[in-house]
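First the structure, in the form of structure tokens, and then the observations on it.
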Amino acid sequence: MNKSIVLAILLAPSAVSAQERIDSAMNARIRDEGLNHSKVLETGAMLSDGFGPRLAGSDGWRRAARWAQDRLASFGAKNIALEPWGKRGKGWELDWYSVDMTAPYYLHVYAMPNAWAPSIKGKLTGSPVVITIRGDSDYVKYRGKLRGKIVMNGRPSTIRGRFDAQARRLTDAYLDSISRLTDPGEPKDYWEDITGWAQSMQQRNHLIDFYIKEGVAAVLTSSGNANALNTSSFLGYSTDRSKAVPTFVLSKDHFSRIVRLAEKNPSQVTLSLTLRTRYTQTDSVGYNVIAEIPGTDPSLASEVVMLGGHFDSWQAGTGATDNAAGCAVGMEVLRILNAVGAKPRRTIRLAMWDGEEQEDYFGSGGYVLRHFGDPRTMQLKPEHAKLSAYYNLDGGTGKIRGVFLMGDAKARPVLSAMLAPFADLGAGTVGISNDGGTDMVPFWGVGLPGFNFIQDPIDYDTRTHHTNLDVADFLLEDDLKQAAVVMASVVYHTANRDEMMPRAPLPKARK
């Protein structure tokens, strides 16, 4: 290789680091502590195994939050609190359920109740009615025909991706393509991100109301994931649906088998269902878990760098990759920085959010509304001027491969410099792209630098996302270690910059 090229490669990181004042000695200590003395898997496994599902408002969520507070205290974190974000809907607890086919032969059906589904009184038995509701004409077709029935909504579909790898890492070619994009893409803004969800919720509630009005006894639907049992839907989290219909999600194979049998000879298929659930309303206030490393520079300590991920999960598994992984990494970041004696100039604040899975970003959205401003009116609060950046981790157990800028082009050279020392760990990609569907969106919605890390997908979409396989067995220790090291360095260097993170122009108020 040409000597001048070798020299350029050797000097490039130093030149960039000098521009951003990268602390190589601190990075070395962070690496050693995070890679050789890690507690991240221990934390993630306990969050996953120790308390059951962390459904928003559930006893499992509260037990896990109390444990996390104690754990953070043992890591040396300060100002640990359960901070209210606002009012939430009813809590929900699952006590018992069963789904069985008793004729034409016995089958213990792989199933899970939808969250917030009401109880079934006693045992419900009967032959299922197979329907398909896609539009208004279908409502007319089935009106008056479903009272007291066990309804199976949907029909068998082709299982796709059978020859695809179940787990994967992002390729260098893909990461390079991300770094070359010049258009942030979709969602174009905060409102585009949340509008699609609102529309789908409106359609879902219309269907639920139809079931209630028609007097349907129970509804069975198919998991969308052929490899596991996916339960990412719910009933009445923020509205009172005390008379809602009991609903279950069935594994794709069992749902399809029962539908085929029922369509061939409906009267010969018999199902038996039980369901005992409880609504809890002991405390209708929702909380986020907050912890800090206070800033040490008298002139900058009132400014804040935030990191976080959502603490709640769905009920089929125990929320290991979604998102005990991100929370464990965030907690490990505070542990690492305290262990290496880091003295950040600005305050570093960890937030583990409530209610993300309901897609209205209840916890993070409520926090932004209380502390920073209203995305509808763009009426900003004094703390808005004090937040340097928010870094989000919610992509499963995979390594950090870089960061999405969310359209903040001015931040590219800063984050490129911060990630450059971790190129050997595969974390060097900086892309302009907007990303959606998780807790940096409310920050972005009021014009704050809210970044989401790019992560290797592993088997997040194919196996674990919102499924019964979202358990500690699918956490990858080395990937979590790498993520904690990279995140700790980025957060630390953001806290120690002379200036706050560059910002994109403020969005306009909603008309």
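Bear in mind the structure is a predicted one, so any value in this text is a computation, not a measurement.
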Looking only at atom types and distance, does a side-chain atom of T318 sit under 3.5 Å from a main-chain N or O of P53, one as donor and one as acceptor? no

P457 versus R168: any side-chain heavy-atom pair under 4.5 Å? yes

Check whether any side-chain N or O of N496 sits under 3.5 Å from a backbone N or O of R345 as a donor-acceptor pair, and report yes or no. yes

Would you please classify the geometry between the H465 ring and the Y460 ring as parallel, tilted or perpendicular, with 30° and 60° separating the classes? tilted

Inspect the contact between R349 and E292 and indicate whether a charged nitrogen and a carboxylate oxygen are less than 4.0 angstrom apart. yes

Begin with the C-alpha distance, continue with both residues' side-chain angles, and end with the deciding distance and a verdict on side chain to side chain donor-acceptor pair (under 3.5 Å) for D23 and H493. CA-CA 8 Å; D23 188 337; H493 284 92; 5.7 Å; no

Do we see a donor-acceptor contact under 3.5 Å between the side chains of Y361 and D193? yes

Between K399 and D478, is the closest basic N to carboxylate O distance under 4.0 Å? no

Has the side chain of S177 got a donor or acceptor atom that lies under 3.5 Å from a matching backbone atom of Y174? yes

Can you find a heavy atom in the side chain of L72 that is under 4.5 Å from one in the side chain of L350? yes

So do the side chains of Q455 and T397 get within less than 4.5 Å of each other, counting heavy atoms only? no

Taking atom types as modelled and ignoring hydrogens, do the side chains of S223 and N225 form a donor-acceptor contact shorter than 3.5 angstrom? no

For residues W444 and V368, determine if any side-chain heavy atom of one lies less than 4.5 Å from a side-chain heavy atom of the other. no

Carboxylate-amine/guanidinium proximity below 4.0 Å for E332 and R335: yes

Identified ring-ring contact (aromatic ring centres under 6.0 Å, His included) partner of Y367 from the options Y390, W353, W85: W353

Between N153 and T221, is any side-chain donor less than 3.5 angstrom from a side-chain acceptor? no

Taking C-beta and beyond as the side chain, do M406 and F443 meet within less than 4.5 Å on heavy atoms? no

Ion pair check, E357 and R54, cut-off under 4.0 Å: no

Examine the side chains of R346 and S388 and answer whether a donor and an acceptor come within less than 3.5 Å of each other. no

Are D479 and R169 ion-paired here, with the side-chain N under 4.0 Å from a carboxylate O? yes

Would you say D354's side chain and G363's backbone share a donor-acceptor pair under 3.5 angstrom? no

Salt bridge or not between R88 and D312? Use side-chain N to carboxylate O under 4.0 Å. no

Applying the side chain to side chain contact (heavy atoms under 4.5 Å, CB included) test to L480, which of V485, T43, V40 qualifies? V40

